[in-house]
Amino acid sequence: MGLISFTGVKVFSTTLARDRENMGENITKWLKENPNVEVVDKVVTQSSDKEFHCLTITLFYKFRS
(Lines give C-alpha, C1' and ligand atoms only; values in the text may rest on other atoms or scores of the structure.)
Protein backbone atom coordinates (compact mmCIF):
# COMPACT_ATOMS: atom_id res chain seq x y z
CA MET A 1 0.00 0.00 0.00
CA GLY A 2 1.47 3.36 -1.03
CA LEU A 3 1.48 6.51 1.03
CA ILE A 4 -0.65 9.45 -0.05
CA SER A 5 1.18 12.75 -0.05
CA PHE A 6 -0.86 15.78 1.02
CA THR A 7 -0.21 19.40 1.93
CA GLY A 8 -3.35 20.29 3.86
CA VAL A 9 -6.61 19.14 5.39
CA LYS A 10 -10.04 20.80 5.18
CA VAL A 11 -12.77 19.60 7.55
CA PHE A 12 -16.49 20.16 7.02
CA SER A 13 -18.61 19.15 10.01
CA THR A 14 -22.13 19.79 11.26
CA THR A 15 -24.81 18.47 13.57
CA LEU A 16 -27.67 20.53 12.14
CA ALA A 17 -29.96 18.80 9.62
CA ARG A 18 -30.26 21.84 7.34
CA ASP A 19 -26.46 22.23 7.32
CA ARG A 20 -26.03 18.54 6.49
CA GLU A 21 -28.35 19.06 3.52
CA ASN A 22 -26.18 21.96 2.30
CA MET A 23 -22.81 20.36 2.97
CA GLY A 24 -22.30 19.29 -0.65
CA GLU A 25 -22.88 22.83 -1.87
CA ASN A 26 -20.48 24.18 0.77
CA ILE A 27 -17.76 21.75 -0.30
CA THR A 28 -18.29 22.59 -3.98
CA LYS A 29 -18.08 26.31 -3.17
CA TRP A 30 -14.83 25.82 -1.25
CA LEU A 31 -13.33 23.81 -4.11
CA LYS A 32 -14.28 26.51 -6.63
CA GLU A 33 -12.78 29.18 -4.36
CA ASN A 34 -9.54 27.15 -4.11
CA PRO A 35 -8.74 26.03 -7.67
CA ASN A 36 -5.09 25.57 -6.72
CA VAL A 37 -5.83 22.48 -4.59
CA GLU A 38 -6.22 18.87 -5.70
CA VAL A 39 -8.10 16.51 -3.37
CA VAL A 40 -6.02 13.34 -2.96
CA ASP A 41 -8.15 11.53 -0.35
CA LYS A 42 -11.29 11.92 1.72
CA VAL A 43 -12.86 10.46 4.84
CA VAL A 44 -16.56 10.56 5.68
CA THR A 45 -17.43 10.10 9.35
CA GLN A 46 -20.85 9.90 10.95
CA SER A 47 -21.41 9.82 14.69
CA SER A 48 -24.44 10.20 16.88
CA ASP A 49 -25.76 10.04 20.39
CA LYS A 50 -29.34 10.04 21.67
CA GLU A 51 -29.99 13.60 20.45
CA PHE A 52 -27.46 14.66 17.83
CA HIS A 53 -26.14 13.29 14.55
CA CYS A 54 -22.82 14.64 13.33
CA LEU A 55 -21.55 14.35 9.77
CA THR A 56 -17.92 15.16 9.03
CA ILE A 57 -16.23 15.16 5.64
CA THR A 58 -12.47 15.52 5.73
CA LEU A 59 -10.61 16.40 2.53
CA PHE A 60 -6.87 15.81 2.21
CA TYR A 61 -5.33 17.93 -0.52
CA LYS A 62 -2.13 19.06 -2.14
CA PHE A 63 -1.40 22.21 -4.06
CA ARG A 64 -1.36 21.88 -7.83
CA SER A 65 1.99 22.41 -9.55
Side-chain angles (χ1 to χ4, degrees):
M1 177 186 266
L3 295 177
I4 297 174
S5 176
F6 63 93
T7 308
V9 177
K10 178 66 176 172
V11 178
F12 297 88
S13 184
T14 184
T15 58
L16 301 175
R18 72 174 175 273
D19 290 344
R20 287 194 304 268
E21 292 172 4
N22 296 324
M23 189 176 280
E25 288 85 6
N26 292 338
I27 293 170
T28 299
K29 179 182 175 190
W30 183 82
L31 289 170
K32 286 181 180 180
E33 291 173 350
N34 295 278
N36 60 330
V37 302
E38 175 186 352
V39 176
V40 295
D41 201 4
K42 66 215 165 279
V43 176
V44 178
T45 308
Q46 181 179 350
S47 60
S48 62
D49 60 16
K50 292 180 180 181
E51 295 183 39
F52 297 99
H53 304 288
C54 181
L55 176 63
T56 303
I57 298 177
T58 307
L59 302 180
F60 298 86
Y61 64 87
K62 64 181 180 180
F63 292 107
R64 296 183 192 271
S65 303

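We're numbering straight along the sequence, starting at 1.
- Residues T15 and R20 approach most closely at O-NH1, 2.8 Å, considering heavy atoms.
- Criterion: ILVMFWY side-chain heavy atoms under 4.5 Å apart, direct or through other members. Under it, V44 and L59 are part of a common hydrophobic cluster.
- Counting heavy atoms from C-beta outward, T14 and F12 have side chains that stay 4.5 Å or more apart.
- Put simply, CD1 on I57 and CD1 on I27 are 3.5 Å apart, with the number rounded to the nearest 0.5 Å.
- For the atom pair CG of D41 and OG of S5, the computed distance is 12.0 Å after rounding to the nearest 0.5 Å.
- For R64, the CZ atom sits in a packed shell: over 12 heavy atoms of surrounding residues, nucleotides or ligands are nearer than 6.0 Å.
- Applying the 6.0 Å contact sphere to CZ of F6 captures no more than 12 heavy atoms from other residues, nucleotides or ligands.
- Expressed to the nearest 0.5 Å, how far CG of N26 lies from CD of E21 amounts to 12.0 Å.
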Test side chain to side chain contact (heavy atoms under 4.5 Å, CB included) applied to V37 and F63, step by step = CA-CA 4 Å; V37 302; F63 292 107; 3.9 Å; yes
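- Between N34 and W30, the shortest heavy-atom contact is ND2-O, 2.7 Å.
- Separating the OG1 atom in T28 from the CE atom in M23 is a distance of 12.0 Å, to the nearest 0.5 Å.
- Note that CG of L55 is 6.5 Å distant from CD of Q46, once rounded to the nearest 0.5 Å.
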